[in-house]
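Data block below; observations after.
In what follows, every heavy atom counts, from backbone to side chain, and hydrogens, waters and symmetry copies are set aside.
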Amino acid sequence: MEKDLSSDEDMIAAVAANTGLSPEAATRGIKLAPWQSRRGFSTINSRAELRRLQQRLAALARMKERGTQSQEVETSAGAVETKENADIARIQLIFPGKPDDPTRRVLKANGFRWSPSQGAWQRHLNESGRYAAQRVLKTISGENAA
């Protein structure tokens, strides 16, 4: 193989000569499909991704540092316990019993989902979750006054 195999035709001819394959078979074995040439890792935007992940780790550390906090709020559904569970990163609303239909509709409309394993209505613990919990509590407390 003394030739310069820079072109596809030279490479196909060399493979066909050395292996005994037909030129068509050698072509199928050498030419890559378009998707095959895009293998490997992408380094595009890697610094931004690194910065995003560092900020996420810092936010998780702050949440762990803050710890699990709990408070009780009196509503028309009874005493509802609001719990910021840092271990599983969820804000939870724990009712004394099964909430009525309108209350469940309000919970679902604000992104809360029932968790049988936790025995609580919960959603992701972030500022939006805290705001949604306040909104739910305000709404179900307002139903009592109406």
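- The salt bridge (Lys or Arg N to Asp or Glu O under 4.0 Å) check on Glu49 picks up Arg52, with sequence neighbours excluded.
- Nearest heavy-atom pair, Ile91 versus Ala133, reported as atom, atom and distance to 0.1 Å: CD1-CB, 3.8 Å.
- For the atom pair NZ of Lys98 and CH2 of Trp114, the computed distance is 9.5 Å after rounding to the nearest 0.5 Å.
- Under the side-chain hydrogen bond (donor to acceptor under 3.5 Å, both in side chains) criterion, Gln118 pairs with Gln92, not counting sequence neighbours.
- One hydrophobic cluster, built from ILVMFWY side chains closer than 4.5 Å, cannot hold both Ile88 and Leu93; they sit in different ones.
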Please list every donor-acceptor pair under 3.5 Å in which a side-chain atom of residues 56-64 meets a protein atom from a residue at least two apart or in another chain.
none

Run Ile140 and Phe95 through side-chain contact (heavy atoms from CB on, under 4.5 Å) and show every step you take.
CA-CA 12 Å; Ile140 61 178; Phe95 289 82; 3.9 Å; yes

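- Of all heavy-atom pairs spanning Ala79 and Pro96, the tightest one is O-CD, 3.5 Å.
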Could you go through the side-chain contact (heavy atoms from CB on, under 4.5 Å) check for Tyr131 and Asn110 one step at a time?
CA-CA 10 Å; Tyr131 180 73; Asn110 284 286; over 6 Å; no

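- Atom OG1 of Thr82 sits about 8.5 Å away from atom CD1 of Ile94, to the nearest 0.5 Å.
- Identified under the salt bridge (charged side-chain N to carboxylate O under 4.0 Å, His left out) test for residues 112-134, with sequence neighbours left out: Glu84-Arg130, Glu127-Arg130.
- Under the side-chain hydrogen bond (donor to acceptor under 3.5 Å, both in side chains) criterion, Thr19 pairs with no residue at all, not counting sequence neighbours.
- Listed by chain and residue number, Asp101 satisfy the salt bridge (Lys or Arg N to Asp or Glu O under 4.0 Å) test with Arg104 (two or more places apart in sequence, or in another chain).
- Considering every non-hydrogen atom in both Trp121 and Pro99, the closest pair reads NE1-CG, 3.7 Å.
- Taking CD from Gln55 and CG from Leu50, the interatomic distance works out to 10.0 Å, rounded to the nearest 0.5 Å.
- What you find for Leu137 and Ser141 is that their closest heavy atoms are O-OG, 2.8 Å.
- Not counting sequence neighbours, Asn85 has no partner by the side-chain hydrogen bond (donor to acceptor under 3.5 Å, both in side chains) test.
- The side chain to side chain contact (heavy atoms under 4.5 Å, CB included) check on Ser22 picks up Glu24, Ala25, with sequence neighbours excluded.
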